[in-house]
Each structure stands twice: as C-alpha cells, then as structure tokens.
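Here the structure is laid out as structure tokens; the discussion comes afterwards.
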Amino acid sequence: MLIGMLLPMLVTAQTDQLWFANQPKKSGWCNLYSDLSKKDLTEQVIEKELAGFFSAFNKVKVSSDKVANFHIIIDDQKKDNLGAEGYKLYGKLTAPERIDYTIVAETPAGALYGVYAFLRMKKLGAEIPVLQDSNGQAIVERPAFQVRILNHWDNPDGSVERGYAGRSIWFADGKINFRSDIETYARANASVGINGTVIDNVNADPKILSPEMLQGVKTVADRLRPYNIKVYLAVNFSSPAALGGLKTSDPLDKDVIDWWQKKVDEIYALIPNFGGFLVKANSEGLPGPMDFGRTHADGANMLAKALKPHGGIVMWRAFVYNPQGGDRAKQAYYEFMPLDGKFDDNVIIQIKNGPVDFQPREPFSPLFGAMKKTQTMAELQITQEYLGYSDHLCYLATMWKEFMDYPTFHDGKSVIETTLNQKVTAFSAVANTGTMKNWCGYVMAQANWYAFGRLAWNPNLSAREIAKEWVMQTITKDEQTVNTICDIMMQSREAVTNYMTPIGLHHLMGWSDHWGPEPWTSIPGAREDWLPRYYHKAAADGIGFNRSSKNDGSNAVEQYQEPLRSMYDDPQLCPRELVLWFHHLPWNYYFNDGKTVWETLLDRYNGGVQQVEQFQKTWASLKGKVPELIFTEVTKKLEVQLDEAQWWRDGCMQYFQTFSDMPLNFTPKYTMEQCKAKLRTKSYLERQKD
Ligand code: GCW
C-alpha cells in the first residue's frame, strides 16, 4: 500500500494523443439525457467523449432524475445569457452519494465546450460545484474572443513554412491530403476552445481557390465541423489575375469585384460555415492593393463586402515593411494609422505581437490601442521560428502573457484589452503542427499549442496554471513532479532569450533558415533590413538600435503612449530587457545596478547556458517519475538545446568582442570558425532524420 502511494502512477505515454495522453482509467456511469438530436454531429462527439471517459455509458430518452445522471440542456430562452459558445456547468446532489451533472448551453458548440471542461476538471481532480437547492454557484464560462484561430503556414506541395514537425497535415503534392488521424487535431483544438483554422500559408498560392482544391477544402471543413471548428483560407491578392485570368486584380475594378463575389459564393455553396479570408498583402513581395495605387482598406473592404452576406470575415495582416521605409519597427504604424476608421465592420487587422517579427523578446506593437476606430487582433507564433525550433524547451505562455498584460496607456487598457469589445473579436497564432507522429516535433512544444487555446478562451488564466493543466493531462499527476516540470517551463523562455538575444537584442539569427547565431552575416546584395547588423549595430562605439528621440535615433518611441514613450526613451528607465531595442549604448555604459553593457551581456549569455544546464540536472532527477518515452525525448532534446545555447553564446559574444575589445569570462566551446561552420554544415531537416 505504502509502496503504491510512493510510486507515482505511470501511464504509457502516447504523445500522439496530445493532452489526451495521460487518461485516467474509466470509472463511474453516465446515463446521458440530451436536448440535442442524435443527428447532430456535435452531439455525436459529445457522446463519444463521455463514453470514452465513463465505464458505463447510455443514452436515455427522458430527463427523469431517476434515470439520467448527466443532462445536456439547450436553453432556448437564453436565460443565462451564455451566448453562442458559452456553457453553465454544475452538479446536484440527487440522492445520498449521487451527484448528477448538468451542462446548459444555447448551442451544441456551447455544450461541447461544457463537456470538455467537465472532462478536464475531472482529469485534474478539480471540484465541480455541487448546488444544493438554490445554494452554490455554477461554473459559467464564455470565451473572451469569438474567433480563436490557428494559422497554418502549409503549402499545397506539402511543405510547411517555418514548420519543424515534418510535412503538412493538410496538403501533399498539390492537393488536399490530410492526416488520417485528423480527429485528434480537431478534438485537441475543441478541448481548449480553438474554433477556427486557416489551413494554408499566408504566402498564399492562388491555386488554393481552384475548384479542385476547394472540393478538398470542403472535405476538411466537413471533418472539423462536428468539433465546432471553421475553416478559413489565406488568399493571394492577385488571384483574379493569376487564377481567374483577368487583366488586373485592382480591388476597384468591376470585373475583379465580380470575380471575388462569385468565388466567395462558390466557396459557401460547398462550405456553408466557411469562416473567411486571411490576407498578407504588399508584404515581403506579395501582391496587394497598393500595386494598383489603392490602400489596404480598399483591398480589405472589397473582400469583406463579398463575404458579408455569408457572415464571413477578413483578417488583414499588418505585417508590412520595406527596405526604403526607415526603421522597420515603425513601418506598420505608418502604413496603418492613416487608415484608422476606414475598414468595414467585418474586417479585423491582424497584428503580430511585436513590431518586427516573432523575436524572443520585443516590445508590443504600437498599433495595439493606437488604432481606435479599427478592429484589431493579435497574431502569436506557436512554431518556434526564432526560439530554437522544436528542439528547445521554450514554454511560450510566459511570453504571451507578458505581451497580453502589458499596459498600453491607451484608455487604461492592457494590450489584449484593446482587442476586446469590438463587433468581431479574434486571437490567432501560427501553428506548430506537422506529420510527425507527436504532431509538434517535441512533446514540450505541444504545451504551447495547448496554452494558446486556453488563453484565447480566457486571457486571464496564468501561464503557470495552464502549464500545470497541461503537464497533468500529458505527463503525470504526481504533484511534486508536476511542480518541478512547471518550474522548468516557467523559466524556459527567459533562458532562451538570455542565450539568444538578451536585453533587447533581436534578429541575430541565421540567414534564411533563422536557425543558430549569425550576427556577422553579410550576404552580397541582400536587403539591409534582412541582415542582423541592421538590428544590432555592433561597432567600436557600442551596440543596439537607437530608436530613441535623441542623437539621430529613429524615434520609434514616439509611437508609444506616455508614460511609455518617456520610459523607453531613457536608457536608465527603459526596462533592462528591452534596452538595446531602443538604445545604442557604449560597451562600457553603466546601468544603475553598477554593471556595464558588456558585463550584462556576459551575465545573460552565460546565465542562459547555465539555466539549460540546470534544466538538465532537474530533468535527470525525474527519471522513473515520468513516462520513459517522454523522459528520453526531453533528455535528448536538452542535450541539443545546451549545445545550441553554448553555440549562441560563443558566436554572439566572440563576435561582439571584435568590437568591444573586452575580455570574455568563460571558455568558449566553439571558436568563431566553428560557430560559422556549424551553421552551414547541417540543415535542420537533415538533423531531423538523425
Ligand atoms: O516571420 C517571418 C517569416 C516568414 C513569414 C513572415 C510572415 C509566412 O520568416 O517565413 O512568412 O514572417 O509572417 O508573413
């Protein structure tokens, strides 16, 4: 008995089952009475989930307390104001030792989310409130955002842009060809409340709108619909010309308008619940309305008008910059602010969390809160393009919370609050899925997908709470082990930032593949704003990008509201974590903690490496406490992570030393030559085959 208590419950890890891996043994009985008709596809999912959880499951016809102990009530009267996806959940003591459960919702989708919440709480051992007569408080939840959506950067040929988990889960050889276990994806999403998916890359192939392809997209939509997940498509703005054979794709041209209208009607005839379009326009070489002398608003509104009668939306990306535009971090603001108030009410501007790209740390994009008459939404990146791919343990919820909760000083709102209270609300992230058995290339990367969904449902959850939920459902329920793993997760993003781009450095990574350190790159003829030196500006006089209002700075600080502007503008007041983002400082510049820039960089780079060493030690202590498969996977990945952390430190600090001429306080593992050689010897995909 004692031994039984000491040995934590080990389950066979099925990491391909995502957070359904650590399933408890079936127990209890469930006689379900449901207002939903059996023909309802969502009802079928609900039944399957309950049947999988309870050891005895029956469907009963009458809602009599004696027979049914699980009730799904559809509240047509909308008494509880639950909305399209909300639910109410409670238990009731109906006899000694007998608790009956009730889920109230206005829609099948709401009921589905209620069921997933019930199952999650059961698995986590959380209390479901038991109401006695009129006492007690039921759980009532409504999602914070209407659209909680993944963006897949998957191409029709089956490749995935910035994908580190194999090939596309949707496409192969120019056609739709989805993973046979796509229900696992759907179920995982629904269980955390994700209700939309853009299945193709924002660098969109016009072919995605061809009749053959749309037939395929319909099959995807049909498979996801029972899980309340809508399909959206990323579209190429020049589709009318490229696919339709028109002379132009000018958004004000009558034939172009007709073409899109017909295309949209064709889509809705196949997919009645189609969600809408995501558009990357006039960005990184892609076509857009500005090619025809029109604005982003002209382009977005034209598409919005075609979608409007069907209830579809346009997510129009604000990821724009060009080499002539001056400081890249300022450009989206310049391009979009003059259009504030000019977008239709089914257009929403999709803004990356930071003003440059998905770097380990950036300030929030100044567009949040500044666009007061335009609907906006955040775009996060789950796939770790700049954070160690699927090789580094980097729990992203801490980074996302830092971003979401940051005060904008626009009407007293945090960043995420500026995207609420709109007619259309949405929250998006670039997915990290692929054909690898475990979906994400690393079990620890699954946590980021989970966390995104949970935060899209409820931005007030804490990063640690979410980590805990995920660990308990995926790895173990042993409390001490859960805490140990959560501790590692909670520190992991800061560790990555420390050994890659500390105190506001950014964009130091390898050319094109964005893997490994390459602050020294010089590619003949390359755009300056694609080279690390544009961002770090390391020279004999110091390091960092002067975005202040002084000494010829780019004055990017002016795009922020006071007091942020003044705070960022002063290197002593600017948060240390962002200081080289906003300032170019001498190597021997002293911060108020008595350390110089050079010493701080040494501290951070060394500190990051030491953190990974510590993760290794801590993880090693979990042997026997977590499933062997996971133990081995994380052990191996941490070896890679440590090696790459050392590589980042060695490459960056030795390179910076050529300017600072100051001593290192560590023995590099790699010489500069080795750092450079490592980058080019093995591509990521080759390494994946190891
Ligand atoms: O992060 C950069 C990536 C590109 C990507 C682009 C974007 C899809 O390096 O691969 O293209 O951003 O977000 O559009």
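Counting starts at 1 for both ligands and their atoms, following the listed order. Since we're looking at a predicted model, the values are computed, not measured.
Within the structure, ligand 1 has Lys352 among the residues with a heavy atom less than 4.0 angstrom away. Look at Val430 and you'll find every heavy atom at least 4.0 Å from all atoms of ligand 1.
No close placement of the Trp316 and Phe336 rings is indicated, their centers lying 6.0 Å or farther apart. In this structure, Tyr442 has its ring center no closer than 6.0 Å to that of Tyr389. Residues Trp260 and Phe277 bring their aromatic ring centres within 6.0 Å.
The single protein non-hydrogen atom nearest to atom 1 (O) of ligand 1 is Asp357 OD2, 2.7 Å, given as residue, atom name and distance. The protein heavy-atom contact nearest to atom 14 (O) of ligand 1 is Lys280 NZ, 2.6 Å. Looking only at protein heavy atoms, the nearest one to atom 3 (C) of ligand 1 is Glu385 OE2, 3.2 Å. The protein atom (non-hydrogen) at minimum distance from atom 10 (O) of ligand 1 is Glu161 OE2, 2.4 Å.
Atoms of ligand 1 found under 4.0 Å from any heavy atom of His514 (numbered from 1 in listed order, with element): 9 (O). Each of the atoms 3 (C), 4 (C), 9 (O), 10 (O) of ligand 1 lies under 4.0 Å from some heavy atom of Arg162. For ligand 1, the atoms closer than 4.0 angstrom to any heavy atom of Phe319 are 6 (C), 7 (C), 12 (O), 13 (O), 14 (O). Atoms of ligand 1 found under 4.0 Å from any heavy atom of Asn201 (numbered from 1 in listed order, with element): 8 (C). Atoms of ligand 1 found under 4.0 Å from any heavy atom of Asn203, numbered from 1 in the order shown, are 8 (C), 11 (O).
In this structure, Arg179 is positioned above the aromatic face of Trp439, its NZ or CZ under 6.0 Å from the six-membered ring centre and within 45° of the axis. Both the sub-6.0 Å distance and the 45° axial angle are not jointly satisfied by Lys537 relative to the ring of Tyr535. Remark: Arg547 qualifies as a cation-pi partner of Phe545 under the 6.0 Å distance and 45° angle criteria applied to the six-membered ring.
Just one of Asn432, Thr433, Asn189 meets the side-chain hydrogen bond (donor to acceptor under 3.5 Å, both in side chains) condition when paired with Trp449; it is Asn189.
Judged by distance alone, the side chains of His392 and Gln384 never bring a donor and an acceptor atom under 3.5 Å apart.
No salt bridge links Asp650 with Lys678; every basic N to acidic carboxylate O contact stays at or beyond 4.0 Å.
Using a 4.0 Å cut-off between heavy atoms, Tyr386 contacts ligand 1 through its side chain alone, with no backbone atom that close. Residue contacts with ligand 1 for Glu284 involve side-chain atoms from C-beta outward but no N, CA, C or O (heavy atoms, distance under 4.0 Å).
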